[in-house]
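To start, the structure itself, in structure tokens.
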Amino acid sequence: MAERIEQRLEDRVPELEQLERVGLFTRKEIKAVLRRASALEYKIQRRALRKEDFINYIQYEINLLELIKKRRARTGYSFKKDEIEISILHRIHSLFNRAIGKWKEDVQLWLSHVAFCKQWNAKHQLSRVFSSMLAIHPNKPALWIMAAKWEMETRLSAENARHLFLRALRFHPECPKLYQEYFRMELMNAEKQRKEKKEFERAKMDLGEFSYSEEILNGEMARIVYRDAAQKIKGVEFHLAVLSIAKLFDFTQDLQKEILESLQTTFADDPLTWDYMARHELELGSLQSTEHTTKQTKVSEMTQREERCSAVFEEAVKAVPTEDMWKYYITFCLERYNRKTNSEELKQKRLERTLSVFNKAHESSLLPEALYKQWLQLLLESTLFEKATEVAEAATKRFSLSVETWQMRLQVLIQLKSDDVTQCFEEAVKHVKSKGTLPIWTLWVEWSEGTKSKEDTEAVYQRSLHATTHAESVTMKEKYLDWTYRNSGYKKVRRVFTSLCENRPFSLDFFRKMIQIEKEQESCKMLHLREYYERALREFGSTDSDLWLDYIKEELSHPQGKPENCGSIHWRAMKMLQGDLVEDFVSKYTLLQTGHL
């Protein structure tokens, strides 16, 4: 092993001598490089190889290359690259190859090599890396796409890119993304050849025997790819994806027409098809508009285009009467309404259209639950309070078991300061099962705190403790304790705390809140603190080491504390705490004893 390392270090000597000779590095720096290289070489020659050692070595060599590049730029010296950089590049490739040979499954390692090749323009090397990588990882479409894009965009070889896509499709015959990128590549190739032909014609150059294929120029190769894909890939999303790609090229009108016709024929009942067709009307606006067009003309034109979209959507909800179809229609209306415009007339028309569509969907019983909230927000913004109240009530009739819908209705009534809030809360807790009702009870007590008497609010708190699940009652206990202290003071909160302690479960915050309340009193009693800590430790003593430490600190620092109790508390903690918590407790307790905690 030592001989091999010595040989590798000797191989570096010529490049290092050149670096010193041309003044890019000093003698001291050269020695430092050799020491570091020696240490890195030893690490990658061990029996038990580690990936991190190779990565560190590679990174060191890359950093060295970057430093040489900067020094060359600073000094203006650009000679001897073959003896210096090429030698380092060759070593980095060799390190990558060794690492990848050992950890073939690590895709990130392959991608790092690819990135390095691209950065240093090592085209020949990168071609081999891609070839090896795809042989090991043929099951990853993204890698095939990356390789094909490089062939097309960097090496300008449509033939190689096509060959890679065809190989990839043998492994992944139903991969939409592969077909999309293959389709895009063929259109890019057609566009490139069209530009070349135009340049030749403009220069009036004789092409001799060479001629451009009309089929390729017109995008026929892309059409073949699309037709092949359409037989294998089901779903409207793929057709829309290739259509959006085709639209990026100005010579694909016939191809776009074919895809559109296939879309309408094959997926006539899919809401996405209708959504596309409707939105397509926006793009079919007047192409003759010039900068002399008046604002009023532009508004009028936009109104007409949106009305055409709306007409298609109206046809759609009749042809495909589903929640999804109405959702697409409403989403379109909301998008248009939220667009900025200086025309109040256009803004008003958009609002009226949106509210009308919401209403129609609701009357058809096909408005999704989640969209009622947006409808209500729009009604409240438009000061249509009576309608908002009606809609909120209708929503709770349709989704009577939904906590979110009741919550939404209650928030509307609270915002409008309605007299029916209490009655609505009663209806809500009657309809909704106890599990999940915490948001309603939370909203109820928060509303009651601001509008009702202490007695009424306390009654709601008491009811909530019995009406919620055990887990949810924990939150209500914390809220009840906090509200009692804020509104009725220390004596009352002590009584409430004692009462609440009769029924599990509890949270740690519940006890910590009571401890904090006690500590805020002028006559803070250690007797009471002990009671709260003991109660808390009965529930959380096995899972919270900090609780024990805080108890010990209290005994040490409180005027009425008994430091002699600390040994007993420590002994109990060691017995109760589970697993790693014992070690955590011991280390913190040691710090406490030495005054570092």
Side-chain angles (χ1 to χ4, degrees), residues 1-16 18-19 25 29-70 81-151 153-155 160 164 167-168 171:
M1 182 176 87
E3 287 176 12
R4 195 182 307 144
I5 293 169
E6 284 302 317
Q7 182 60 50
R8 287 182 187 279
L9 294 173
E10 280 178 27
D11 291 344
R12 300 177 76 104
V13 170
E15 82 201 37
L16 294 173
Q18 288 289 2
L19 281 168
F25 277 46
E29 285 174 325
I30 295 296
K31 285 181 177 177
V33 169
L34 268 172
R35 277 198 306 274
R36 183 78 177 120
S38 177
L40 290 165
E41 275 291 346
Y42 269 100
K43 285 186 176 179
I44 66 162
Q45 298 298 340
R46 294 184 298 201
R47 283 187 182 177
L49 296 177
R50 296 190 326 144
K51 194 193 308 178
E52 293 73 20
D53 294 332
F54 279 91
I55 292 169
N56 291 338
Y57 198 169
I58 289 166
Q59 191 57 57
Y60 176 74
E61 294 287 4
I62 290 171
N63 293 343
L64 190 62
L65 268 181
E66 291 290 348
L67 183 58
I68 294 167
K69 188 177 175 183
K70 285 177 184 174
K81 286 191 176 180
D82 282 354
E83 290 94 329
I84 300 171
E85 278 91 337
I86 299 300
S87 174
I88 299 172
L89 285 168
H90 179 72
R91 188 161 52 251
I92 292 172
H93 287 306
S94 175
L95 286 166
F96 266 122
N97 290 336
R98 279 189 65 195
I100 284 167
K102 175 73 176 170
W103 295 282
K104 292 185 178 72
E105 298 306 311
D106 189 334
V107 175
Q108 195 53 52
L109 208 51
W110 286 98
L111 294 178
S112 296
H113 198 182
V114 167
F116 175 75
C117 292
K118 285 181 178 179
Q119 185 182 356
W120 291 91
N121 202 28
K123 292 181 182 178
H124 180 67
Q125 187 74 31
L126 182 51
S127 188
R128 289 196 309 206
V129 172
F130 272 132
S131 180
S132 302
M133 180 173 68
L134 293 174
I136 301 292
H137 295 282
N139 59 329
K140 293 181 173 61
L143 300 182
W144 288 99
I145 292 168
M146 183 191 292
K149 275 189 171 183
W150 178 73
E151 288 288 353
E153 294 169 10
T154 305
R155 300 190 81 189
N160 286 354
L164 279 168
R167 279 180 61 203
F171 287 100

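Only a predicted model underlies this, so the values are computations on that prediction, with no experimental measurement involved.
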Do Phe25 and Leu67 come within less than 4.5 Å of each other through their side chains, counting heavy atoms only?
yes

Distance-only side-chain donor-acceptor flag, Arg128 / Gln125, under 3.5 Å:
yes

Between Arg91 (side chain only) and Arg12 (backbone N and O only), is there a donor and an acceptor less than 3.5 Å apart?
no

Nearest 0.5 Å, what's the NE2-OG distance between His137 and Ser132?
10.5 Å

In the structure I gave you, are the side-chain heavy atoms of Lys140 and Phe171 within less than 4.5 Å of one another anywhere?
no

Assess the side chains of Asn56 and Glu52: does a donor N or O sit below 3.5 Å from an acceptor N or O?
no

Should Tyr57 and Asp53 count as side-chain neighbours, where that means a heavy-atom distance under 4.5 Å?
no

When the side chains of residues 104-117 are checked against the rest of the protein, which donor-acceptor pairs come out under 3.5 Å, sequence neighbours left out?
unit_1 : atom_1 : unit_2 : atom_2 : d
Lys104 : NZ     : Gly101 : O      : 3.0
Asp106 : OD1    : Gln108 : N      : 3.0
Asp106 : OD1    : Leu109 : N      : 3.2
Asp106 : OD2    : Lys51  : NZ     : 2.5
Trp110 : NE1    : Lys104 : O      : 2.8
Ser112 : OG     : Gln108 : O      : 2.9
His113 : NE2    : His93  : ND1    : 3.0

From CG (Leu89) to CD1 (Ile62), nearest 0.5 Å:
9.5 Å

For a 4.5 angstrom cut-off between non-hydrogen side-chain atoms, does Leu49 reach Trp103?
yes

If we only count heavy atoms from C-beta on, is the Ser127 to Arg155 side-chain gap below 4.5 Å?
yes

Considering residues at least two apart in sequence or located in another chain, which fulfil the salt bridge (charged side-chain N to carboxylate O under 4.0 Å, His left out) criterion with Arg8?
Glu41

Can you find a heavy atom in the side chain of Leu134 that is under 4.5 Å from one in the side chain of Leu164?
yes

Could you pull out all residues at least two apart from Tyr60 that satisfy ring pair (Phe, Tyr, Trp, His ring centres under 6.0 Å)?
none

With rounding to the nearest 0.5 angstrom, report the NZ to CD1 distance, Lys149 to Ile145.
7.5 Å

Treating Trp144 as the side-chain partner and Pro138 as the backbone partner, does any N or O pair qualify as donor plus acceptor under 3.5 Å?
yes

Quick check for you: to the nearest 0.5 Å, what is the distance between Ile30 atom CD1 and Leu16 atom CG?
4.5 Å

side-chain contact (heavy atoms from CB on, under 4.5 Å) between Val129 and Ile100, intermediate numbers included
CA-CA 10 Å; Val129 172; Ile100 284 167; 5.6 Å; no

Could you check whether atom NZ of Lys118 has more than 12 heavy atoms from other residues, nucleotides or ligands sitting under 6.0 Å from it?
yes

Please report the interatomic distance CG(Leu40) to CZ(Arg35), rounded to the nearest 0.5 Å.
13.0 Å

Within the structure provided, determine whether Thr154 and Leu126 are in side-chain contact (heavy-atom separation under 4.5 Å).
no

Out of curiosity, Gln59 CD to Leu64 CG, how far, rounded to the nearest 0.5 Å?
11.5 Å

I need the minimum non-hydrogen distance between Asn160 and Glu151, along with the two atoms involved.
ND2-OE1, 3.2 Å

Side-chain contact, heavy-atom cut-off 4.5 Å: Leu19 with Val33?
no

